[in-house]
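For reference, the structure is listed below as structure tokens.
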Amino acid sequence: LAQGAQAHFASSKAKPSLARQEQVQNSSKPLPSHPNFPTMDSGAAKLAKVEKVLGRTGSRGGVIQVRVVFVGDSSGELAGRSLIRNVKGPIREGDILALLETEREARRLR
């Protein structure tokens, strides 16, 4: 009886079906993109220097709002432009942030 139960247990382990494996392998179609969603192939991270710490925000003050200015070397057309961003974690004036997304700006503190 123990051998029979062991054989049944070994055969009942979940394995993906062959049809599902082929479906996953053949799905080389790219995911649909949307113009409002940033894509990673739009370039590397843009460097921005923290110009001023504006204050803490969030329900428990765990997010710091800062004004950043883009550094000329990495950002090209963004050089000199400033944005207000929310940063989680320790930050101070003069720090450099690597921003993957540069279109959105945080709402000002009230």
Side-chain angles (χ1 to χ4, degrees):
L1 182 66
Q3 280 184 333
Q6 196 174 24
H8 174 71
F9 179 73
S11 66
S12 68
K13 289 189 178 182
K15 296 178 186 174
S17 67
L18 185 59
R20 176 65 183 145
Q21 289 174 353
E22 289 174 4
Q23 183 182 15
V24 169
Q25 289 173 352
N26 294 334
S27 65
S28 61
K29 189 169 84 172
L31 294 173
S33 62
H34 192 276
N36 293 337
F37 296 133
T39 58
M40 289 304 291
D41 60 355
S42 62
K46 307 290 189 236
L47 299 180
K49 184 176 182 178
V50 176
E51 186 178 63
K52 184 177 181 183
V53 176
L54 301 174
R56 290 189 170 266
T57 185
S59 62
R60 299 184 181 190
V63 178
I64 302 172
Q65 200 164 73
V66 296
R67 177 175 299 281
V68 297
V69 177
F70 288 98
V71 179
D73 295 345
S74 68
S75 53
E77 73 278 353
L78 294 173
R81 183 174 163 216
S82 75
L83 283 178
I84 295 173
R85 296 298 295 251
N86 292 330
V87 180
K88 186 167 181 164
I91 190 112
R92 61 183 172 199
E93 291 181 18
D95 285 353
I96 304 291
L97 298 177
L99 301 176
L100 296 175
E101 198 279 324
T102 59
E103 296 297 318
R104 289 183 295 158
E105 187 167 5
R107 293 187 201 149
R108 286 290 308 225
L109 288 170
R110 296 177 209 228

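Below, each value reflects all heavy atoms present in this structure, side chains not excepted, and no hydrogens, waters or symmetry copies. If you're wondering where the values come from, they're calculated on a predicted model, not measured in any experiment. We number each residue from 1, following the sequence as shown.
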Taking side chain as C-beta onward, heavy atoms only, is [X] less than 4.5 Å from [Y]?
X	Y	result
Lys49	Glu51	no
Leu54	Arg108	yes
Glu93	Val53	yes

Between atom CZ of Arg85 and atom CG of Leu97, what is the distance when rounded to the nearest 0.5 Å?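 Atom-to-atom, Arg85:CZ and Leu97:CG are 8.5 Å apart.
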Establish whether Leu99 and Ile91 are linked, either directly or via other cluster members, by ILVMFWY side-chain heavy-atom contacts under 4.5 Å.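 Yes; tracing contacts between hydrophobic side chains, which count when under 4.5 Å, links both residues.
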Over all heavy atoms of both residues, which pair between Gly89 and Ile64 is shortest? Give the atoms and the distance, please.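 So the minimum-distance heavy-atom pair works out to O-CD1, 3.6 Å.
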Over all atoms of both residues, closest heavy-atom pair of Gly61 and Arg56: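 Looks like O-NH1, 2.7 Å.
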For Arg81, check side-chain contact (heavy atoms from CB on, under 4.5 Å) against everything at least two apart and list the hits.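 With neighbours one apart ignored, the set is Phe70, Leu78, Leu83.
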Looking only at atom types and distance, does a side-chain atom of Glu105 sit under 3.5 Å from a main-chain N or O of Ser82, one as donor and one as acceptor?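 Answer holds: no.
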